[in-house]
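Counting convention: from 1, in listed order, for ligands and their atoms alike. Sequential numbering from 1 along the given sequence is applied to the chain's residues.
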Amino acid sequence: MKAKIYKKVCEFDGEPKDSDFSLIEEELPSLKEGEFLCAGEWFSVDPYMRVYSQWSPVGETVIGSQLAKVIESKNEVYKEGMYVVGYFGWRTHTICDGKTELTPGFGQPLIVQPLESLPMSLYLGALGMPGNTAYFGFLEICQPKAGETVVVTGAAGAVGSLVGQIAHIKGCKVIGFAGTDEKVDWLKKDLHFDHAYNYKDVGVDQALKEAAPDGVDCYFDNVGGEMSSKILRHMNSRGRISVCGSISSYNASKNEEPKASLVQLPLISKELKMEGFMVMRWLDRWEEGVKQHLNWINEGKLKYKETITEGFENMPKAFKEMLKGKNVGKAVVKA
Ligand SMILES: NC(=O)c1ccc[n+]([C@@H]2O[C@H](COP(=O)([O-])OP(=O)(O)OC[C@H]3O[C@@H](n4cnc5c(N)ncnc54)[C@H](OP(=O)(O)O)[C@@H]3O)[C@@H](O)[C@H]2O)c1
């Protein structure tokens, strides 16, 4: 059995380029006792890959998660035919033993159940890491109350589109910022956002004067930078800010100082609470978020969208396009 693997051949500098990756083939050995072989069916491309790659050495497999099927097994827990979500990196086939972490700190492959009428790729989106990022990162840190005003940036992406809908379910007024008119239409027409703006056309101040004349209580920040500086100035006293990501700075080139938000003055004068988080904080409650999202999806309360790129060979293309905002909802690659 041969595995196709994407290796990182140099450090990213600015936007990732095709030449930053090389696709190789590796002959896999026969399974030893305790091992199992997984075949990737769906692959995730996420913004964190751009950030984490800075810390992995050149020559390493590109970091990433996948939904894979166990196609051969000499392991008693991970049996043939089961599905797992594993942090195996960008590779089509992987041998695991269920003990060694293939990406240190990211745990063992998680066994997931087949979904009756929903795509299994949801385990990389609304029923996986981005889903729990939205669920716990918003509810635990922003502690939203019915009637409050919530702002979400990166609002039409994997995490942001769920945060806005959870806010709506909790009875909040929801305002989203996203990068195209198509995304804005989706947020307003399908996802029940009260207001949505294309931040490339409408300034934050103008938008929030119109949509949040009484101020903002909760801000779920996916982008950082200048947009966040401006949103912070519209916060109400004792507002809460969940700092999830800062994608506006991820593609900064090596010699460029990444864009930072100016936080001190609004934080002090409005007595705001701002907290960053890593979703793995809630690993012990993982199932709670997955089950809640599955229920909401089945009840028609939570909608999802996927932007699917066909073919493992197109992983770099899907990754680059996601960073440029070509995805609506979760960006995934079908093997
Ligand atoms: N803390 C955690 O544990 C955790 C876990 C998961 C994700 N995250 C973070 O959450 C954020 C969203 O992740 P995701 O997986 O849901 O990705 P995503 O939103 O599905 O995709 C990334 C989106 O970022 C937007 N973007 C790109 N450059 C931008 C810029 N300069 N300014 C504003 N927006 C820009 C694009 O949408 P537009 O068209 O709207 O520009 C693009 O579609 C990221 O910052 C990520 O690092 C954090």
- Message: Please output the residues near ligand 1 using a strict heavy-atom distance under 4.0 Å, listed in chain and residue-number order.
- Response: Pro47, Met129, Thr133, Gly157, Ala158, Val159, Ala178, Gly179, Lys183, Tyr199, Asn222, Val223, Cys244, Gly245, Ser246, Ile247, Ser248, Tyr250, Phe277, Met278, Val279, Met322, Leu323, Gly325, Asn327, Gly329
- Just by distance, with hydrogens left out, do Ser44 and Lys330 show a side-chain donor and acceptor under 3.5 Å apart? yes
- Are side-chain N/O atoms of Tyr197 and Gln206 paired as donor and acceptor at under 3.5 Å? no
- Message: Counting neighbours of CD on Glu299 that are heavy atoms of other residues, nucleotides or ligands and sit closer than 6.0 Å, is the number greater than 12?
- Response: yes
- Query: With distance as the sole criterion, is a donor-acceptor pair present between the side chains of Asp221 and Ser228 under 3.5 Å?
  - Reply: yes
- Test of ring centre spacing under 6.0 Å for Trp90 and Phe319: yes
- Quick one: which residue pairs count as a ring-ring contact (aromatic ring centres under 6.0 Å, His included) with a foot in residues 103-125, not counting sequence neighbours? Tyr52-Phe106, Tyr87-Phe106
